[in-house]
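What follows is one structure encoded as structure tokens, with my remarks underneath.
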Amino acid sequence: MTPPRARFAPSPTGYFHVGSARAALFNWLFVRQHGGTFILRIEDTDEARNRAEWTDGIIDALSWLGMDPDEGPYFQSAQGDAHQAAIEALWDSGALYACACTREEIDARTKERAAAGDPTPGYDGHCRDLNLPRGEGRALRFRTPDEGVVVVHDLVRGEVEFPLRALEDFICVKSDGKPLFVLANAVDDRTMAISHVIRGEDQLPTTPRQILLWDALNGAQSVTLALPAYAHLPLLVNESGKKLSKRRDPVAVEMYREQGYLPEAFRNYLALLGWSPGEEEIVPLNVLLERFRLEDVQRSPAFFDVKKLTHIDGVYIRALSIDGFVAASRPWVDPVPGEWAPGAWRDPDTGAPATPPPPWSPERFDPDVFASLAAVTQERVTVLAEVPELVDFLFLPDAPDDPDSWQKGVASDELAPTILAGALAAYESCPWDAASLHEVTLALAESLGRKLGKAQAPIRVAVMGRTRGLPLFDSLAVLGRDETRRRIAAALARLEPAA
RNA sequence: GGCCCCAUCGUCUAGAGGCCUAGGACACCACCCUCUCAAGGUGGCGACACGGGUUCGAAUCCCGUUGGGGCUGCCA
């Protein structure tokens with residue numbers, strides 16, 4: 001196969017949609033394994049607001065996922081000359097005609113037809129043979145053949161036939177002279193010599209029009225180009241089986257990045273939607289590259305399952321080396337000014353939800369202290385944004401205050417004062433390491449006739465603030481004798497303010 | 001309404017006529033391990049939408065039904 005040229009062509013509409021990310025990934029995998037070219041084209045011809053910003057977001061997200069384009073970004077808005085030339089050629093060849101109908105007129109006629117028993121919707125070809133001149137608020141329609149079929153040769157779906165009689169004369173140039181998506185898209189694919197169009201299934205119904213346009217362009221312009229190969233990927237849906245919607249579904253890739261999903265894990269999960277690498281599903285990139293086949297892509301829609309994504313992310317996090325984990329956690333525990341950090345991105349619609357910064361100040365954070373508990377932290381988080389709440393007790397001036405934990409672990413335990421007082425005494429002079437602390441605390445528990453599991457709760461809440469968290473004795477060992485005892489004493493005082 | 005697509009456990013999938021009393025993973029449940037929480041281990045629950053064909057034999061092929069979805073804009 002000659003090296004393919006495939007494009008990822010998002011429109012900058014606010015943030016990077018997971019469905020777009022999946023489409024980009026499949027394009028990228030396909031191109032990489034065939035030594036081809038991965039092209040980024042920004043389809044920004046509409047009312048592009050804040051264009052630069054959204055485009056930067058797309059580029060950042062692609063880069064985060066390790067899929068930097070080989071060419072581009074090209075901007076559709078910069079292709080005006082090519083679009084114009086195509087329109088002129090098409091007009092001169094007679095493929096287009098001017099239409100003066102308004103939406104209202106068309107709808108009215110459709111209604112009339114329906115009343116007369118003809119349910120055919122769409123444009124009725126009213127202006128088709130009127131030979132109207134161009135201009136004056138007139139859109140240009142494509143003269144669609146009345147008989148026959150257009151067949152789309154789809155790499156994942158096989159041959160899909162569209163009867164032409166059901167295809168109306170569609171508009172491809174707006175009344176202001178600007179091309180519509182269907183035309184701009186086809187023209188750009190021609191000028192960029194695209195060989196493979198890999199995109200979402202929602203684009204399948206528009207494909208016959210683009211094929212018609214492509215053929216017409218071949219006849220109208222001096223260059224004859226081979227039609228690209230098409231591959232329409234199954235849609236990503238929510239749990240009710242509907243196409244992922246920007247409104248009610250968490251679809252922003254930026255949001256997942258903020259929450260601390262690793263790009264490798266995210267990419268691995270994306271690859272699993274509509275495709276399977278085989279017996280193992282958590283596989284490194286080289287395996288993805290080795291095994292991916294467009295032909296093996298599933299045809300039915302796939303549910304974007306955050307639970308599974310999260311599980312996979314947990315596996316990737318645990319597979320990190322300690323150093324790797326410490327480095328990956330950095331933005332969440334010790335963000336560097338000027339560099340990417342959680343909280344930088346906000347949902348353009350809701351203005352939320354950004355991951356909050358760590359609860360401690362940069363001055364209080366100690367990388368070495370964090371590193372000493374990294375191993376036990378690593379196996380307890382599933383996304384990096386969970387790291388701060390596990391280690392915050394180390395960097396806050398006092399034990400974090402969690403009312404539920406206090407109530408459950410201390411206030412409602414009649415033995416809590418005894419345990420805390422016992423621990424305060426026992427910790428005064430015992431060797432300060434996890435094993436010794438374990439031993440000493442176990443002895444205290446047994447003297448009170450309690451299992452260690454139950455007896456450690458008040459100490460844990462007094463020092464670490466919550467009933468759940470890192471292993472207690474490792475944590476105390478790192479926190480230090482003085483601070484541990486100070487917090488236990490503080491908890492005792494809080495329990496018996498009078499005494 | 002019209003056109004198109006799709007149909008294996010709740011979810012993602014393996015399965016390309018006999019290897020399937022349908023395999024794995026997520027989720028869920030139970031047990032084990034255990035200083036909390038995780039992680040890990042063991043086991044469990046759980047699917048070929050339905051009806052006709054074709055065939056010695058169908059989850060796999062064909063047809064129909066039903067169900068779901070997409071598109072149907074002078075948006076991209």
Side-chain angles (χ1 to χ4, degrees), chain A residues 9-13 43-48 76 99 101-103 110 114 119-122 137-141 152 154 157 160-163 165-168 170-182 184-185 200-208 232 234-235 237 239-243 269 272-282 296 298-312 314-315 318 376-382 386 390 405 409 434 437-438 441-442 445 451-457 459-461 464 466-475:
Chain A
S11 52
T13 53
E43 310 226 320
D44 58 349
T45 44
D46 189 31
E47 64 259 74
Q76 190 157 68
C99 173
C101 299
T102 64
R103 186 75 243 171
T110 303
T120 314
R138 284 172 188 166
L140 265 34
R141 289 185 184 269
V152 177
D154 193 290
R157 273 148 218 286
V160 185
E161 294 190 0
F162 293 85
R165 50 164 312 165
L167 205 58
E168 63 179 333
F170 55 91
I171 295 180
C172 47
V173 182
K174 301 188 222 181
S175 55
D176 66 1
K178 296 278 175 46
L180 232 28
F181 161 77
V182 64
N185 193 266
E201 188 194 349
D202 50 347
Q203 305 271 51
L204 187 52
T206 187
T207 307
H232 287 94
L235 250 27
V237 300
E239 47 202 332
S240 45
K242 301 253 202 295
K243 185 164 88 160
Y269 177 64
L272 264 26
L273 293 171
W275 181 72
S276 167
E279 66 281 2
E280 286 294 319
E281 50 185 16
I282 299 184
D296 294 336
Q298 199 87 19
R299 285 180 293 272
S300 48
F303 170 53
F304 187 85
D305 186 354
V306 179
K307 284 215 182 91
K308 184 148 182 173
L309 199 214
T310 302
H311 170 262
I312 290 175
V315 173
R318 275 174 259 127
V376 290
T377 303
Q378 180 175 12
E379 58 187 8
R380 283 171 176 75
V381 299
T382 217
E386 293 170 348
L390 242 25
S405 291
L437 287 163
H438 183 281
T441 310
L442 181 60
K451 296 272 196 200
L452 182 53
K454 182 102 193 292
Q456 56 91 44
I459 304 171
R460 173 181 292 279
V461 173
M464 301 171 71
R466 301 185 188 85
T467 53
R468 312 154 41 140
L470 264 23
L472 179 61
F473 305 117
D474 294 286
S475 300

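Everything numeric here is computed off the predicted structure, so don't read it as measured data. Sequence lines set the chain letters: A, B, ... in the order given, protein chains first and strands last, and positions in each chain run from 1.
Note that CD1 of A/Ile459 and OG1 of A/Thr441 are 5.0 Å apart. Values are rounded to the nearest 0.5 Å. One distance of note links NE2 of A/His232 with OG1 of A/Thr207; it measures 3.0 Å at 0.5 Å rounding.
Taking 3.5 Å as the limit, the base of B/rC5 and the side chain of A/Arg299 contain no donor-acceptor pair of atoms between them.
Remark: the separation of the C1' atoms in B/rU13 and B/rA27 is 15 Å, to the nearest Å. Using C1' as the reference atom, B/rC9 and B/rG24 are 12 Å apart when rounded to the nearest Å. Comparing the same atom, C1', in B/rA58 and in B/rG1 gives a spacing of 37 Å after rounding to whole Å. Rounded to whole Å, the separation between the C1' atoms of B/rG53 and B/rC12 comes to 32 Å. Here, B/rG44 and B/rU66 have their C1' atoms 33 Å apart, quoted to the whole Å. Using atom P as the reference point in both B/rG18 and B/rC29, the two lie 38 Å apart (nearest Å). B/rG10 and B/rC28 have their P atoms separated by 16 Å, with the value rounded to a whole Å. When the C1' atom is used for both B/rA25 and B/rC45, the distance is 16 Å, rounded to whole Å.
Residue A/Lys451 is out of contact with every strand shown, counting any heavy-atom pair closer than 4.0 Å. A/His311 comes within contact range of the sugar-phosphate backbone alone, with a heavy-atom separation under 4.0 Å but no base atom that close. Across all strands shown, A/Arg157 has heavy atoms under 4.0 Å from sugar-phosphate atoms exclusively, and none from any base. Residue contacts for A/Asp474: at a heavy-atom cut-off of 4.0 Å it reaches a base atom on one of the strands shown. The residue A/Leu472 sits close to a base: some heavy atom pair falls under 4.0 Å. No engagement by A/Glu280 is indicated, since no non-hydrogen atom pair under 4.0 Å with the nucleic acid exists. Among the heavy atoms of the strands lying under 4.0 Å from A/Leu180 are primed sugar atoms or P, OP1, OP2 only; no base atom is included. As judged by a 4.0 angstrom heavy-atom cut-off over every strand, A/Gly453 is placed among residues touching the sugar-phosphate backbone only. Residue contacts shown for A/Phe473 include a base, since a base heavy atom lies under 4.0 Å away.
Taking 4.0 angstrom as the limit, A/Arg318 places a side-chain polar atom (N or O) nearer than this to OP1 or OP2 of B/rG40. A sub-4.0 Å separation between OP1 or OP2 of B/rC74 and a side-chain N or O of A/Arg103 is present. For the OP1/OP2 pair of B/rC71 and a distance below 4.0 Å, the side-chain nitrogens and oxygens of A/Lys243 include at least one atom meeting the criterion. Of the side-chain N and O atoms in A/Lys174, one or more sit less than 4.0 angstrom from OP1 or OP2 of B/rA76.
Rounding to whole angstrom units, CD of residue A/Glu379 and C1' of B/rU36 are separated by 13 Å. Distance A/Arg165 CZ to B/rC4 C1': 16 Å, rounded to the nearest Å.
The main-chain N or O of A/Gly453 is found under 3.5 Å from a side-chain atom of A/Gln456 such that the two form a donor-acceptor pair. Remark: the backbone N or O of A/Phe304 is not paired with any side-chain donor or acceptor of A/Tyr269 at under 3.5 angstrom.
The side chain to side chain contact (heavy atoms under 4.5 Å, CB included) check on A/Thr382 picks up A/Thr310, A/Glu386, with sequence neighbours excluded.
Across all strands shown, B/rC3 pairs with B/rG70; the Watson-Crick or G-U wobble distances both stay below 3.5 Å. Summarising the base pairing, B/rC26 is matched to B/rG10 through a Watson-Crick or G-U wobble pair whose two defining distances lie under 3.5 Å.
Put simply, the side chain of A/His438 reaches to within 4.5 Å of the side chain of A/Leu452, judged on heavy atoms. Looking at heavy atoms from C-beta onward, A/Phe473 lies out of side-chain contact with A/Leu442 at the 4.5 angstrom threshold.
Here the closest non-hydrogen pair linking A/Phe303 and A/Leu273 is O-CD2, 3.5 Å. A pairwise comparison of heavy atoms in A/Arg380 and A/Pro471 identifies NH2-CG, 3.5 Å as the closest pair.
Taking for each of A/Pro163 and A/Asp202 the nucleotide of RNA chain B with the nearest heavy atom, the 5'-most of the two is the partner of A/Pro163.
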Under-3.5 Å N/O pairs linking protein and nucleotides 11-15 of chain B:
{"from": "B/rC12", "atom 1": "OP1", "to": "A/Phe303", "atom 2": "N", "distance (Å)": "3.1"}
{"from": "B/rC12", "atom 1": "O2'", "to": "A/Leu272", "atom 2": "O", "distance (Å)": "2.9"}
{"from": "B/rC12", "atom 1": "O2", "to": "A/Lys308", "atom 2": "NZ", "distance (Å)": "3.4"}
{"from": "B/rU13", "atom 1": "OP1", "to": "A/Gly274", "atom 2": "N", "distance (Å)": "2.5"}
{"from": "B/rU13", "atom 1": "O2'", "to": "A/Ser276", "atom 2": "OG", "distance (Å)": "3.4"}
{"from": "B/rA14", "atom 1": "OP2", "to": "A/Gln298", "atom 2": "OE1", "distance (Å)": "2.9"}

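Taking only side-chain atoms of A/Thr45, from C-beta outward, the nucleotide of B/rC5, B/rA76, B/rG70 with the closest atom is B/rA76.
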